[in-house]
Participant: 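My questions will all concern the structure given below.
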Amino acid sequence: TQSRIAQKSSRLALDLNSDAIADLKNEDAESAIESLKRGENLLEQITTEGKEVDRNLIIVILYNQACCYQRLNLLVDCASYLDGTIYNLE
């Protein structure tokens, strides 16, 4: 059913976040960003379809993207993702 699909998608986004963390530990911020963007797109698709997504997962994905951009010294992108993190905290 639809809620089962949303659960599987959320698990996939969580796995992508784990992959990104592993990439960051290996100093590969670009690969980490790719994984996190895939996770973000997946979560956006779920919410666009009107399904619920764990807000904490959204916050973690956005915050980790901000950290990746900071490591790459892309501070405008970093600030944008920090804004998104703060927005989802409210």
Side-chain angles (χ1 to χ4, degrees):
T1 64
Q2 288 184 351
S3 65
R4 189 176 227 168
I5 293 169
Q7 287 176 343
K8 285 184 179 184
S9 297
S10 291
R11 263 189 249 124
L12 178 57
L14 192 56
D15 289 344
L16 289 166
N17 185 65
S18 295
D19 292 346
I21 290 170
D23 289 334
L24 282 172
K25 287 180 180 176
N26 291 322
E27 300 297 324
D28 190 356
E30 280 115 3
S31 291
I33 288 172
E34 287 177 28
S35 293
L36 292 166
K37 281 190 174 292
R38 287 177 45 212
E40 179 187 13
N41 290 336
L42 193 58
L43 296 176
E44 282 179 4
Q45 183 179 2
I46 295 168
T47 56
T48 299
E49 293 172 1
K51 299 173 188 133
E52 283 194 36
V53 175
D54 181 2
R55 211 163 132 153
N56 292 322
L57 182 54
I58 296 169
I59 291 165
V60 166
I61 296 260
L62 295 177
Y63 179 77
N64 286 343
Q65 283 184 75
C67 292
C68 289
Y69 285 120
Q70 181 183 18
R71 281 195 182 185
L72 294 171
N73 204 29
L74 299 171
L75 301 182
V76 172
D77 292 324
C78 174
S80 176
Y81 277 92
L82 286 176
D83 285 343
T85 302
I86 292 167
Y87 174 81
N88 282 283
L89 284 169
E90 297 173 346

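What you are looking at is a predicted structure, and each value in this text was computed from that prediction instead of being measured.
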Participant: For the CG atom of Asn64 and the CD1 atom of Ile59, what is their distance to the nearest 0.5 Å?
Facilitator: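 If we round to the nearest 0.5 Å, Asn64:CG and Ile59:CD1 are 11.5 Å apart.
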Participant: If the condition is ring-ring contact (aromatic ring centres under 6.0 Å, His included), which residues does Tyr63 pass it with, not counting sequence neighbours?
Facilitator: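 With neighbours one apart ignored, the set is empty.
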Participant: Rounded to the nearest 0.5 Å, how far apart are CG of Leu43 and CG of Leu57?
Facilitator: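 Spacing of CG (Leu43) from CG (Leu57) equals 5.0 Å.
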Participant: Distance-only, no hydrogens or angles: does the Ser80 side chain make a donor-acceptor pair with backbone N or O of Val76 under 3.5 Å?
Facilitator: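 Side chain of Ser80 to backbone of Val76: no pair is present.
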Participant: Nearest heavy-atom pair of Val53 and Ser10: which atoms, and what distance?
Facilitator: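 That would be CG1-OG, 4.5 Å.
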Participant: Please give me the minimum heavy-atom distance between Leu36 and Cys68, naming the atom from each residue.
Facilitator: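 Looking at all heavy atoms of both residues, the shortest contact is CD1-SG, 3.8 Å.
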Participant: What distance separates Arg11 CZ from Gln7 CD, expressed to the nearest 0.5 Å?
Facilitator: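 Rounded to the nearest 0.5 Å, the CZ-CD separation comes to 6.0 Å.
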Participant: Indicate if Leu72 and Leu62 have the same hydrophobic cluster label, given that clusters are the connected sets of ILVMFWY residues with side-chain heavy-atom separations under 4.5 angstrom.
Facilitator: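 Cluster IDs for Leu72 and Leu62 match.
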Participant: Any idea which heavy atoms bring Cys78 and Tyr69 closest together, and the distance?
Facilitator: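 Here Cys78 and Tyr69 meet closest at N-CB, 3.6 Å.
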Participant: Would you say Asn26's side chain and Asp28's backbone share a donor-acceptor pair under 3.5 angstrom?
Facilitator: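 No; judged by distance alone, with no hydrogens or angles, the pair does not exist.
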Participant: Atom CG in Leu14, atom CG in Asp54: separation rounded to 0.5 Å?
Facilitator: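 Nearest 0.5 Å value for the CG-CG distance: 9.0 Å.
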Participant: Minimum heavy-atom separation for Ala13 and Ile61, please, with both atom names.
Facilitator: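 Where Ala13 meets Ile61 most closely, the heavy atoms are O-CD1, 3.7 Å.
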Participant: Apply the test side chain to side chain contact (heavy atoms under 4.5 Å, CB included) to residues Glu49 and Ile46: give CA-CA distance (whole Å), side-chain angles for both, the deciding distance (0.1 Å), then the verdict.
Facilitator: CA-CA 5 Å; Glu49 293 172 1; Ile46 295 168; 5.6 Å; no
Participant: Looking at Glu40 and Tyr81, what are the two nearest heavy atoms and their distance?
Facilitator: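 Shortest heavy-atom separation between Glu40 and Tyr81 comes out as OE1-OH, 3.1 Å.
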Participant: Check this for me: Glu44, atom CD, are more than 12 non-hydrogen atoms of other residues, nucleotides or ligands nearer than 6.0 Å?
Facilitator: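 Enclosed.
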Participant: Applying the side-chain contact (heavy atoms from CB on, under 4.5 Å) criterion to Arg38, which one of Ile33, Leu16, Asn17, Asp19 satisfies it?
Facilitator: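 Filter result, single survivor: Leu16.
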